[in-house]
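Fair warning: this is a prediction, and the values are worked out from it, not measured in the lab.
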Amino acid sequence: MRLVMNQPVEQMERPYARRWWALLVLCLSLLIIVMANTALTVAAPDMTEDLGLSSADLQWVIDGYTVPYAALMLLLGAIGDKYSRRGALVLGLVVFGGGAVSGYLAGSATGVIAARAVMGVGAALIMPATLSLLAATFPRAERAKAITLWTATAGLAIAAGPLVAGALLEDHGWSSTFLINVPIAALAIVGAFVLVPPSKADHHDRIDYVGGLLSVVWIGALVYMIIEGPHFGWGAKAIGAAVLAGVGLVAFVLWELRHPRPVLDVRRFAERRFAGSNLAVALFFLAVFGAFYFLTQHLQFVLGYDALDTGLRMLPLAGAVFVGSALTGYLTPRVGMKWTVSAGMVGGTVALALLTRVDAGSSYGDFVVPLVVLGLAIGLALSPCTDAIMGSFPESELGVGGAVNDTSLELGGSLGIAILGSLLGTSYSDHLADATQGSKLPPSALATAQDSVGAGYAVAQGIGDKARQVAGQAAQATDPQQAAQLKAQARQLAEGARQMADSVGSSFSDAVAHTSLVGAVVLGAGTVLVALLLPRKDKPAEEPAEQEEREPADVC
């Protein structure tokens, strides 16, 4: 047996014998790039305290990964198709690992943001490569099953990120959540050479670099606008990004319509199956990432779980994803993807609707059913959509197909965090202002508490610390009258701290319920639209790909 797998998959006369082991490597690569985002939500409080991050710094620590990741996938997917899909995977893992080392060594907000951006570039290479290598390595009869496992891995990573980060934070600092990626990336690199056969397009003309660069411009500007506007206000930066995104998108579409071999044939979006699948992926991850954003905060801040306990309590989601994925493998061939995807999106809507019941008295038990329903919905909806998107591309453009699927996913996730996250923050701030009306809380303290649920509890803790300080002074006072006054002041401060903590918890719970309602309405409306778009009968995945393969290649 060869130590390094050198025979291209396109030259094999029969299916690659170790393809399921190769899938394990691809899933491992996928695991770390999804976990890189979800783990950070748990590590963020420690990082904020250690580095003194402002709310803007923390936002860009999170989103510095997202902008290059989303913007570069389409172009890098096309480059991987032409030159080497396995090469793109390995290079991406090297870049991702290098960024993780830089994050571990970083001692400032700027250093962490730069490291996250480098990791985003690596992820933009890895993500489309995993799907294109999967599609190239597996025969069409097995591709849907392999994609189901790939999707289940993404669902597992959403829940595993907080669990791994929580376990590390028990004994190590926040930087360990960066370093854990390095041995996993190294293992995936070795596995890629040993188990994953090389692959590239059989014939591929010169890359449409102009179209690729235009895609970088408009997607990057759009993601930047999504991040900047809701979180930091619609100033010159956000409006400028919006204009650039609009102009870039128009230029991209016009260029691609005229180019003989575009980086992405935008006419595909006129196909109901393709358009519906991409819309379903984007809407679903809008809901999933938005819900994940406020669920982890509620578990940590309101219910008081530490990082590890928070990760453990997200496991029902991961387990349900695997069950949902198994169900979609059984149901889709029998009832068609229209009904399976629609059922998954209805399940996601129901999960968000269940979260509207959250209030100040809610315990973890109130979150278990929504988590399970959401996990089942992810498993049901996403695998058929990914299979449909990949089946719309010829073998020479599998990397581009993977990039389109992943860009829809990333744009949806970014919108979810930006829109639902912004709505959550506004709702929490308004509810807290109402809850503390008539109190003697200084305006500056209220403004601080309104910034986030974490800041709110910090203000409450500060009042409690002041109460203990005054109580200590009362104990040391020699004048009985002064001691009595100090004791009364300490009791008043202690009661104020309790009331403040209660107000923060109830305000955030109400904000979660309100945000969940909006998310449920958005996903519910999207479910109807997707159901109308998807054709009643599934079109064989081979048809579009084979038709394009038979077309004569145009030379640029």
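Relative orientation of the Phe178 and Trp174 rings is perpendicular, given thresholds of 30° and 60° on the angle between their planes. Using the six-membered ring where Trp is involved, Phe96 and Tyr65 have ring planes that are perpendicular, over 60° apart on the 30 and 60° scheme.
Taking all atoms of both residues into account, the shortest heavy-atom contact from His514 to Leu423 is CE1-CD1, 3.9 Å. Minimum interatomic distance between Ile33 and Tyr69 (heavy atoms only, all atoms of both residues): CD1-OH, 4.0 Å. The two residues Ser176 and Gly173 come nearest to each other via the heavy atoms OG-O, 2.7 Å. Between Ala100 and Asn181, the shortest heavy-atom distance links the atoms CB-CB, 4.0 Å. Closest approach of Leu411 to Val223, counting heavy atoms only: CD2-CG2, 3.6 Å. The shortest heavy-atom contact between Ala490 and Ala471 is CB-N, 3.8 Å.
Taking a 6.0 Å sphere around CD of Gln437, one finds it holds 12 or fewer heavy atoms contributed by other residues, nucleotides or ligands. Under a cut-off of 6.0 angstrom, the local environment of OH in Tyr104 is sparse, with at most 12 non-hydrogen atoms contributed by other residues, nucleotides or ligands.
With Thr356 contributing its side chain and Leu352 its backbone, the two residues share no donor-acceptor pair below 3.5 Å. With hydrogens and angles disregarded, a donor-acceptor distance shorter than 3.5 Å links the side chain of Glu256 to the backbone of Val263. With Ser362 contributing its side chain and Asp359 its backbone, the two residues share a donor-acceptor pair below 3.5 Å. Checking side-chain atoms of His172 against main-chain N and O of Leu168 turns up no donor-acceptor pair under 3.5 Å.
Applying the salt bridge (Lys or Arg N to Asp or Glu O under 4.0 Å) test to residues at least two apart or on different chains, the pairs with a partner in residues 84-103 are Glu10-Arg85, Asp81-Arg85.
You'll find the side chain of His298 stays beyond 4.5 Å of the side chain of Tyr305, heavy atoms only. Side-chain contact check for Leu295 versus Leu355: some heavy-atom pair is nearer than 4.5 Å.
Cation-pi contact between Arg313 and Phe367: absent, since separation from the ring centre below 6.0 Å together with deviation from the ring axis within 45° is not met.
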Under the criterion side chain to side chain contact (heavy atoms under 4.5 Å, CB included), I'd like the reasoning laid out for Val302 against Tyr457: C-alpha separation, chi angles, the key distance, then a yes or no. CA-CA 9 Å; Val302 179; Tyr457 279 116; 4.1 Å; yes

Stepwise side chain to side chain contact (heavy atoms under 4.5 Å, CB included) check, Met314 with Leu163: CA-CA 8 Å; Met314 295 298 290; Leu163 179 61; over 6 Å; no

Steps toward side chain to side chain donor-acceptor pair (under 3.5 Å) verdict (Ser507, Asp510): CA-CA 5 Å; Ser507 298; Asp510 291 342; 5.8 Å; no

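Asp502 pairs by the side-chain hydrogen bond (donor to acceptor under 3.5 Å, both in side chains) definition with Arg498, not counting sequence neighbours. Partners of Phe292 by ring-ring contact (aromatic ring centres under 6.0 Å, His included), not counting sequence neighbours: none found.
For the side chain to side chain contact (heavy atoms under 4.5 Å, CB included) with Val196, the lone residue among Val25, Thr130, Leu134 that qualifies is Val25.
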